[in-house]
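First comes the structure, then the notes that go with it.
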Amino acid sequence: MRKALSLSLALLGASALAQAPSIAAPTVTWFKDLKVLSSLSVGDDGDLYFIGSDNRLHRTDARGVERWNLPVGDIGRASPVVTPQGTVIAASYDDHIYAADPSGKQLWRTRLDGDIFATPALRADGSLIAATASGTVYALGPGGQVLWTFKVGAPVFSSPAVALDGTIYFGAHNNRLYALTPGGRLKWTFGAGSLVFSSPAIDRQGNVYFGSSDRKLYSLDPAGKLRWTRQTALFINASPIVTSGDLVVVGSYDGKVYAVNTAGEDAWVYAAGAPVAAAAAELADGSIVVPDLAGTVHAIGPNGQARWTLKTGKKIDTSVAVSDRGVLYFSTEGGGLSAVERQAPLADGPWTSFRNVPAGWGRVLTPQEAAARTAAKRAALAALPATRPNTAAPTQPAPAAPAPAPTRPVTPPLAPTRTPQAAAEAAGRGARVVGGQVALPLSDLTAALGARVQVLTPRTVTLVFSGAGATPRTLPVQFAGRTAYVPLAALKTLPGVTLRLAGAGLELRQGERLLTLPLQVAALAPLRQEPEYPAVVRR
């Protein structure tokens with residue numbers, strides 16, 4: 001037995017130690033028939049924006065209670081865009097772009113030369129890039145004035161994406177991806193094998209990713225040179241995302257979701273079982289959330305394993321929207337809107353959702369904007385009122401009742417009466433397998449070590465230890481729900497920290513301090529006997 005425990009401890013750093021425990025599917029907090037037709041956008045304050053089948057632009061609060069609506073002349077499928085100033089931009093099939101102020105008063109409308117299916121991109125200077133089914137790309141000033149146009153000569157249903165240097169990327173129904181200068185001049189085009197309906201995503205190096213009806217996922221460098229392709233079994237209309245871990249994730253009509261690293265190598269392939277037409281979204285806990293056309297919302301773990309599924313029975317062809325408060329929203333055929341609360345917000349990464357931010361900007365963020373987005377998510381989570389886990393039926397609001405606040409990815413201040421040993425015992429009791437590794441809850445661990453959190457991101461935490469001249473240390477973290485966990489193996493990288501199995505669990509020595517964690521490694525990560533030739537031996 002002791003030999004097995006020692007071997008388990010030695011293997012703690014291996015990611016394949018054990019499969020993460022399955023997570024029960026969350027319940028839908030509330031469902032409302034709001035006649036949602038377009039993709040949904042979420043403002044920084046948590047309010048929701050969409051175009052309905054009633055030909056109106058709607059703004060509701062986070063619970064779906066309407067604040068105002070504005071007629072837009074026809075239906076629309078493009079996501080509304082919410083500017084940092086609170087102006088709402090909406091595109092309609094009546095050939096117009098509309099702008100409304102935060103109170104719902106129309107500021108302007110500009111007529112273009114055809115239906116507008118693609119979501120406009122908001123540039124850093126407040127101007128917009130919009131494209132039409134008649135094959136023209138427009139740049140509009142903040143007041144709606146036309147700055148320039150570019151004639152494509154083929155319908156554009158691919159939502160433009162704007163790189164950090166201002167380059168504008170979009171696909172067209174002449175089988176080509178286009179790159180324009182910020183001033184609207186052609187930089188280059190690239191020919192795919194069929195229609196480009198998919199909207200581009202951009203990684204940290206400026207490389208571009210998109211799908212095509214020729215069944216391929218494409219990667220191009222900023223100069224338009226082909227880097228690689230990934231073949232799928234059917235066409236790719238969905239828009240890719242680029243995760244915080246630099247994986248390109250996209251769904252195909254072949255019923256699978258593909259995760260490919262930026263070098264073009266498969267990381268994993270997930271079988272959704274039904275065609276996927278919407279973009280995925282990466283959450284801060286590492287989950288990839290994506291709906292399929294059969295009406296199932298899938299949460300996929302970092303290694304491609306199924307975390308949970310929610311079945312609605314109605315087609316979902318628009319992406320899941322995620323608020324900074326960690327609420328997932330998705331609309332089903334017929335216009336019903338569902339909300340799932342107490343999830344993680346979007347992960348921080350190059351392009352972690354359709355249009356890259358909940359407000360639908362469609363551009364690469366500057367470092368300052370990215371830092372502001374991270375701070376906004378933390379502030380939104382910290383401001384959440386105390387709620388209990390959802391137990392309501394999918395079509396009913398969850399009952400409200402006072403309860404302890406959920407654990408969020410923010411470390412609370414240490415309680416003055418809590419000893420390091422008490423915190424260590426709490427850390428041991430709270431240990432679990434996360435992402436295939438035995439991990440300890442961050443808040444209890446920091447209290448046990450006498451440290452405080454300096455910076456917490458969806459992937460890492462930087463700790464500051466007591467004592468003059470102590471050097472901050474950065475450790476990996478993973479989230480399960482809203483709780484941050486540190487892999488036990490990562491503690492070996494801290495100076496002066498040693499780990500030793502003992503009869504009562506695990507002894508952690510930090511300098512002169514000795515802490516005992518009631519942690520049974522073998523129970524958390526049991527050794528499994530596997531056949532030597534699993535593909536041949538059958539039991």
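This is a predicted model, so every value here is computed, not measured. Residue indices begin at 1 and follow the sequence shown.
A distance of 8.5 Å separates CG of L195 from CG of N237, quoted to the nearest 0.5 Å. Taking CZ from F354 and OG from S239, the interatomic distance works out to 5.0 Å, rounded to the nearest 0.5 Å. Put simply, OG on S39 and CD1 on I51 are 10.0 Å apart, with the number rounded to the nearest 0.5 Å.
Side-chain atoms of R363 and N356, non-hydrogen and from C-beta on, never get closer than 4.5 Å to each other. For the pair V249 and T243, the minimum side-chain heavy-atom distance is below 4.5 Å. Side-chain contact between W228 and L217 is present, with heavy atoms from C-beta onward closer than 4.5 Å. The shortest side-chain heavy-atom distance between H173 and F157 falls under the 4.5 Å cut-off. Here the side chains of P240 and S198 are in contact, with some heavy-atom distance below 4.5 Å. I300 places none of its side-chain heavy atoms less than 4.5 Å from the side chain of S287.
Salt bridge annotation for K377-D324: absent, with no cationic side-chain nitrogen under 4.0 angstrom from a carboxylate oxygen. Classification of R63 and D47 as a salt-bridged pair fails, no side-chain N sitting under 4.0 Å from a carboxylate O. Between D292 and K315, no side-chain nitrogen of the basic residue sits less than 4.0 Å from a carboxylate oxygen of the acidic one, so the salt-bridge criterion is not met. Between D348 and R373, no side-chain nitrogen of the basic residue sits less than 4.0 Å from a carboxylate oxygen of the acidic one, so the salt-bridge criterion is not met. Between D74 and R56 there is no salt bridge, since none of the side-chain N atoms of the basic residue sits less than 4.0 Å from a carboxylate O of the acidic one. Salt bridge present: R230 and D266 bring a charged side-chain N and a carboxylate O closer than 4.0 Å. Looking at R59 and D45, a side-chain N of the basic residue comes within less than 4.0 Å of a carboxylate O on the acidic one, giving a salt bridge.
Taking the six-membered ring where tryptophan is involved, the planes of F210 and Y218 are essentially parallel, since the angle between them stays under 30° and well short of 60°.
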**OP:** Dump the intermediate steps for side chain to side chain donor-acceptor pair (under 3.5 Å) on K187 and T167, then the final yes or no.
**Re:** CA-CA 9 Å; K187 290 183 71 172; T167 301; 3.0 Å; yes
Subject >> side chain to side chain donor-acceptor pair (under 3.5 Å) between S244 and E282, worked out >> reply: CA-CA 8 Å; S244 57; E282 184 196 14; 2.8 Å; yes
Subject >> Candidate pair Y209 and R227, rule side chain to side chain donor-acceptor pair (under 3.5 Å), full reasoning >> reply: CA-CA 10 Å; Y209 306 89; R227 300 176 67 237; 3.3 Å; yes
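Considering V257, I288, T309, V276 in turn, T309 is the only one that fulfils the side-chain contact (heavy atoms from CB on, under 4.5 Å) rule with H298.
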